[in-house]
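In what follows, chains carry the letters A, B, and so on, assigned in the order in which the sequence lines appear, proteins first and then strands, with residues in each chain numbered from 1. As a basis for the values below, the full set of heavy atoms in this structure was taken, side chains included, without hydrogen atoms, waters or symmetry mates.
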Protein chains: 2
Amino acid sequence: MGEYGQFCPVAKAAEVLDQRWTLLVIRELVTGSTRFNDIHRGVPRMSRSLLSKRLNSLVGEGLVERREGDHGPEYILTPAGQELEQVIEVIGSWGIRWPGHLSDHDLDPALLVWDMHRRVDPDAIPPRRTVLGLTFHGVTPEERDWWLVLEPEAVDVCEHDPGFGTDLHLETPLHTMVGIWRGELGWNDAVRSGDLRFEGPSTLRRAVPTWFLLSPFATVERPPANRPDGRT
Amino acid sequence: MGEYGQFCPVAKAAEVLDQRWTLLVIRELVTGSTRFNDIHRGVPRMSRSLLSKRLNSLVGEGLVERREGDHGPEYILTPAGQELEQVIEVIGSWGIRWPGHLSDHDLDPALLVWDMHRRVDPDAIPPRRTVLGLTFHGVTPEERDWWLVLEPEAVDVCEHDPGFGTDLHLETPLHTMVGIWRGELGWNDAVRSGDLRFEGPSTLRRAVPTWFLLSPFATVERPPANRPDGRT
DNA sequence: CAGGATCCGATTAGATACTG
DNA sequence: CAGTATCTAATCGGATCCTG
């Protein structure tokens, strides 16, 4: 990769943003992750060595500052980097409207759960610790079961049963949950169609849809008919 | 390159836009070029075979439609492609504010003149044919001299003297003209500093700054001090 | 004008292993 | 936890030449 040899601002920006994975790393930083491992959880399929390299590049280009925090290194967006939030927003808004539908390979449960964990509305969840169990269909056995430990101060993701009881359990094909996450169908639609099932007290069941803020792009308006085959 | 394996809209968009040169090709299409050679003049350092390949990809992804026009093939943005104008705008606005300063390699006179030719204000130029000669310093001999033939109906770029007389001549270092183009200094600043010199009738001289609309990003507001070294 | 085909060199990204 | 180092296979892009 590299340079374009153009004075055009679009070209100069592209020289930075074009690089594979760079836009997604920036998305993570814009989202608020600052620690290496947190950033990596947002781009799990990126090798750690490449992530390291990209972060260094971003520091060199003045978009990111690396700080030695009390608990280890932190990566913070500089003013130049912060302004890329606009870019992420516009690209994401386009990206949910137009590109073709998702392949199975795009449906990564680890990523979904990680996303869910950081879009919890602390004011909506119960005041005391609540464990939400998740079971996805259509995935490998290791990716089937997840737990979210919800507390107003912090939310944790577990790949194994945390052990102190599950208050509510949710079971659904992965693509249905992703569809909900992307705003392509509502919680209730999924329940009514039988694709999504809860197990647990009905007060909790009814409350779940308020707990999660969904994808930041879920509310982007969709084109009337963007698919030749008529699918929405 | 290729896929990211993420359902995130930013990732899905990046799979398309990430590709080297793709953003610049889209910029050309957004700008209004439809013919292969016209598009290529906007990305002269891209090989024609790669441009062909990229255009085919864009057609396959539904961003571009290829039509057989009366005068040959035409590439037109689909609705999905047209919406990328927002993306180009935001990226370019960022790109003129933040990335470091231009290297000599970024200063391509052919590109500048091509850009100038399509940002002429037809209402501002003289009603009858006017030939503007340009001489750049700091470039190879072949890139030194250019002519713009301005007519209200059409503007032509020539690498050789078109032969019917030059009404006004402009001489300046290339980087100065690029600076003007990018809105980093004014025409009058350049004249006063002695970097830019006109030869020709003073009525034309005074009118030139109104003829060109400059880069679409020339008017983007700049950060107070984006350079550690204090340069603007 | 509008490309397609081919070849080859340069990069790059992924995998793996290792460190403080 | 937070990376770095190394190696290799794949790919990508540019240059060149060719076609209708």
Mind listing the N/O atom pairs, protein and nucleotides 18-20 of chain D, below 3.5 Å?
none

Measure from [atom1] on [X] to [atom2] on [N] and round the result to the nearest Å.
X     : N      : atom1 : atom2 : result
A/R20 : D/dA10 : CZ    : P     : 16 Å
A/I39 : D/dG3  : CD1   : C1'   : 12 Å
B/L50 : C/dC7  : CG    : P     : 18 Å
B/L51 : D/dC12 : CG    : P     : 17 Å
A/D18 : D/dC12 : CG    : C1'   : 13 Å
A/L58 : D/dG3  : CG    : P     : 13 Å

So which protein N/O to nucleotides 1-6 of chain C N/O distances come out below 3.5 Å?
from, atom 1, to, atom 2, distance (Å)
C/dC1, OP1, B/N37, ND2, 3.4
C/dC1, OP2, B/N37, ND2, 2.8
C/dA2, OP1, B/R35, NE, 2.7
C/dA2, OP1, B/R35, NH2, 2.0
C/dA2, OP2, B/N37, N, 3.1
C/dA2, OP2, B/N37, ND2, 3.4
C/dA2, N7, B/R48, NH2, 3.3
C/dG3, OP1, B/R66, NH1, 2.4
C/dG3, OP1, B/Y75, OH, 2.9
C/dG3, OP2, B/Y75, OH, 2.7
C/dG4, OP2, B/S52, OG, 2.0

Assess, by modelled atom type and distance only, whether the side chains of [X] and [Y] contain a donor and an acceptor separated by less than 3.5 Å.
X      : Y      : value
A/T140 : A/E143 : yes
B/D115 : B/W181 : yes
A/H169 : A/T135 : yes

Exercise. Any side-chain N or O of B/R54 less than 4.0 Å from the OP1 or OP2 oxygen of D/dG13?
Worked result: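 Yes, within the criterion.
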OP1 or OP2 of D/dG14 less than 4.0 angstrom from a side-chain nitrogen or oxygen of B/W21, does that happen here?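 For D/dG14, OP1 or OP2 has a side-chain N or O of B/W21 closer than 4.0 Å.
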Below 4.0 angstrom, N of the basic side chain to O of the carboxylate: do [X] and [Y] qualify?
X     : Y      : answer
B/E74 : B/R66  : no
B/R45 : B/D108 : yes
B/R54 : B/E61  : no
A/K12 : B/D106 : yes
B/R67 : B/E65  : yes

Compare all side-chain heavy atoms of B/F36 with those of B/S52 and state whether any distance is below 4.5 angstrom.
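The answer is yes, as the side chains (C-beta and beyond) meet within the 4.5 Å cut-off.
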